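Please read the structure below before turning to the comments.
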2 protein chains.
Amino acid sequence: MLGLMQEWPLVCHKIIDFAARQHPHREVVSRSIEGPITRTTYAGIHANSKKIAQLLTREGYKPGDRIATLAWNTGRHLEAWFGIMGMGGVYHTLNPRLFPEQIAWIMNHATDRAIFTDLTFMPLVEKLAPAVESLRKVIVMTDAAHMPETALTNVVAYEEWLKEADGDFEWADVGEDAACGMCYTSGTTGDPKGVLYSHRSNVLHAMMACMPDAMGIGAKDVILPVVPMFHANAWGLGQSSPMIGAKMVMPGGKMDGQSIYELLDTEKVTFTAAVPTVWLMLLQYLELTGNKLPYLNKVVIGGAACPRAITEKFEKDYGVEVIHAWGMTEMSPLGSLCTMKPEYADRTGDALLDIKQKQGPAPFGVEMKITDDDDNELPWDGKTFGRLKVRGPAVASSYYGGDGADHFDSHGWFDTGDVAHIDEFGYMQITDRSKDVIKSGGEWISSIDLENLAVGHPDVAEAAVIGLPHDKWGERPLLVIVAKEGCSPSRDGVLGFMDGKVAKWWMPDDVAFVDEIPHTATGKIKKTALREQFAHYRFPG
Amino acid sequence: MLGLMQEWPLVCHKIIDFAARQHPHREVVSRSIEGPITRTTYAGIHANSKKIAQLLTREGYKPGDRIATLAWNTGRHLEAWFGIMGMGGVYHTLNPRLFPEQIAWIMNHATDRAIFTDLTFMPLVEKLAPAVESLRKVIVMTDAAHMPETALTNVVAYEEWLKEADGDFEWADVGEDAACGMCYTSGTTGDPKGVLYSHRSNVLHAMMACMPDAMGIGAKDVILPVVPMFHANAWGLGQSSPMIGAKMVMPGGKMDGQSIYELLDTEKVTFTAAVPTVWLMLLQYLELTGNKLPYLNKVVIGGAACPRAITEKFEKDYGVEVIHAWGMTEMSPLGSLCTMKPEYADRTGDALLDIKQKQGPAPFGVEMKITDDDDNELPWDGKTFGRLKVRGPAVASSYYGGDGADHFDSHGWFDTGDVAHIDEFGYMQITDRSKDVIKSGGEWISSIDLENLAVGHPDVAEAAVIGLPHDKWGERPLLVIVAKEGCSPSRDGVLGFMDGKVAKWWMPDDVAFVDEIPHTATGKIKKTALREQFAHYRFPG
């Protein structure tokens, strides 16, 4: 027997309809690419997204068409998203930090038919366009006065283009399971893989994100998504902010400490989110200038493990609550947020920081388990670590085109590729990537734990640990170190520093000193390259 | 093109699975029907609900079967809900405050096949059982020691029954659109009508309810649902509390001031919800005893318009935030919650109380409009009032058996039967029931506004305004008054008191004094009876 409740599909245009109806005057402030701070409202975003949907439809784009965006976080980018989704299209965010060849590969794989871009990226788009046969139109998000000269054909200035529409358009009648967004993961190995979000997954993810023990955001918040819209949907903030009617502040292309501080201060931002690197820059700027953060309540930090020092500075020096989060492009992206359950609610000081090193519990809508290599579930004891697998309405079921099918099992679990332990209260902590974990004598050693320990040595600038073949144990850890400028730490000095702080059998068998450790475009250590570099290395007998 | 996200149906057993996994030790405390305070946890609720689902399935109950509950709020009632839903059944809450004949009528209309009940209601169930042919089993939520003698056959003591199961049961594989719950509305006219909730509507409603600008509840809250589970699902708290892992405190059958205060105090309740009458009793008790409410942060008040004096006492004398809410059984039930948007966030004192008299804005997931009798939308100006219509994923699409089809239109809007205005910031305020609004010369007069004004007169205990036929104007208002004991207000005295406080043409044409105003079982003024009583009345010429 079916319930007798309304069919009210979870489609993304209902979010912007809601914002325009219930919060029409709420501002969306942007640091524009042209320079000045610009202001619109949810009513304005709604009106322009209607125009975009109308124009795309008029020009022959169809539901399901992929429309790329290669752009910074601005109000225009946001209305482009809602316009594309509102005509039934699929916004496809491109990461400008990838090599042009990679971007072109991704665009071809996705068969992008048009692109919204910023002035910043015109030189890049001029390179990409000839390489992407499916591409029919380039919409430069600026006005006529700022349009650069270009040899490209089929280019329009956004503001002029919008003048061709009156916005009298009914949102496309797509179901909630229709695709609405797309983002490719930039793995450290293999070709990028496309994640195809649905309206339903985006709406449910936004609802999950707003909950008090997740991001805990409401209409009185002023939200600055520093995390780019091209980086896993700006962690959903492009959907969750209008869903609750919060004012948004968009940083455009400037993520340096001073620029971010200016927005935090002048716009009285209460909530922000980004990767650790951004916060390092901000904290350095604050220390230099002596400025404070009187309005900011919460900062979500994810994308990489948040160093304890950053959490400590925010909480102790600036009175800002840090929410350490974990997620993946494949998860829309939120997987866990380290807010306090009653079991930990009374902690303060270092005891609290200990917990905040964890990536935290999963909200309702994310199921988690850790398993061994044979898919046996492992206990939640805060020590035993295993492959982290997840399930949920905002988790990918497969990659676009059927790539990477081995990441998904028949019971719907997605293998995150991360290795983690989970404590008795549900707090998850990433200990490694599964391909980087070191398997010694059938047991696992966390490369990240060893790295974190090694960088605690005063002379060590950066550390990476990789597993290398070993006759007896299968694999053993090698510690690779970049010394701080002017320092020359010794092998025995570093190992002596680490001794006693981890299990004896975890201790690296050797230390290698290098000038540089290779990184990916998104700043992660490129362990594949490192393993190649040390392919012929043999442990001291 | 469909998105490539996981099929993860929004089914209610995922809520209790989540609570048992992420918050296994969180308590559910009950004032038991037997007397003592009892304690279980979400792990315990989960385990027992598995047993219930297993037993019901073993005994031949099928997905879609309606299983009644006639019970107070307790942990047992909650696990009965999850057990019934988990085997694919439909929990059907019965309101013990109705007449036995009405309850039997409802049970027969729903074809209830079993019933979970409390000791309190055994005499009632003994009356009902012979009148409900479909009823096969009575489960009395107590243990063997407390089982009363009864002539009924097929009766079991809950705790003994549970011993027959080991809980090794896979939740029924029902889709999210399957029915899972049922509640009949007790309208002031006509037969009761059945609302049939789906798993999806319950899950989405719970998510909406938890959001910061709705109830704003999280794992650190201690939640006391005084509003009964048989009264519109305890406003969803039976689903939303486990969804966020909040401790629950269940009041059992005792809702008097002292009993509620004891629970608020000893269990350190932070969040509670009920109709105004309950809070009047509590506030009287607090005044009498001088007790305070140091732990309570928020109280949600709905079910009837919340008198300003209650809001004022809670906020000023006890530091408790009042959330004035509105909803309907047909809406699962939440429709609006009067929390502050930035536009009103700076208000304090009387200016804040003015806003809190409104029922507030709709959250994401509830669409609202007001219309005239011809379905033309009316402006949101805080003055113009019209028929309040709603749409959303947790709003009924029809009544069970197709009753009351005229409440639903072809565009999915449900006519709430309420009349309201909405201000420019989306704050809705109920001004009347549409059948009680007085239509004078083509314009509407709010009976509730006039009643609220009249009870402000020092000698008036209760007031009701009804529209009666009028040759010239179609209808004109008659004010019906019950005087306070020992007082004898005059017609001219009361009208003189009201004069100048409403538009001239709103002023009642006459005043009638009565000893008693008729009420429904749920305490609302029975205007139909009043109109009958005054059917032969003629306005002074």
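Bear in mind that the values here come from a model prediction, so they are computed numbers and not experimental data. So that the names make sense, note that chain A is the first sequence line, chain B the second, and so on, each numbered from 1.
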Segment of B:Val222 engaging chain A (4.5 angstrom heavy-atom cut-off):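 Contact with chain A: none, neither part.
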
Interface moiety of B:Ala246 toward chain A, non-hydrogen atoms closer than 4.5 Å: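 The answer is neither part of B:Ala246.
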
Largest heavy-atom contact set with chain B, pairs under 4.5 Å, which of A:Gly181, A:Ala345, A:Gly412, A:Gly194: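 Most pairs with chain B among the choices: A:Gly412.
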
Between [X] and [Y], is there a side-chain N and carboxylate O pair less than 4.0 Å apart?
X        : Y        : value
A:Glu343 : B:Lys247 : no
A:Glu367 : B:Arg21  : no
A:Arg391 : B:Glu7   : no

Interatomic distance, B:Leu4 atom CG to A:Ser397 atom OG [nearest 0.5 angstrom]: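 B:Leu4 atom CG to A:Ser397 atom OG measures 5.0 Å (nearest 0.5 Å).
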
Euclidean distance, A:Cys180 SG relative to B:Met5 CE, rounded to 0.5 Å: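 Result: 9.0 Å between the selected atoms.
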
Test item: B:Met1 and A:Tyr400 side chains (from C-beta on) under 4.5 Å apart, heavy atoms: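 Yes. Closest side-chain heavy atoms under 4.5 Å.
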
Ring centers of B:Trp8, A:Phe414 separated by less than 6.0 Å: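 Here the rings of A:Phe414 and B:Trp8 have centres that are no less than 6.0 Å from each other.
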
Atom group of A:Ser332 that falls short of 4.5 Å from chain B, counting heavy atoms: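 Looking at A:Ser332, just its side chain touches chain B.
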
Contact origin within A:Ile217 toward chain B - heavy atom pairs under 4.5 Å: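 For A:Ile217, the contact with chain B is made by the backbone alone.
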
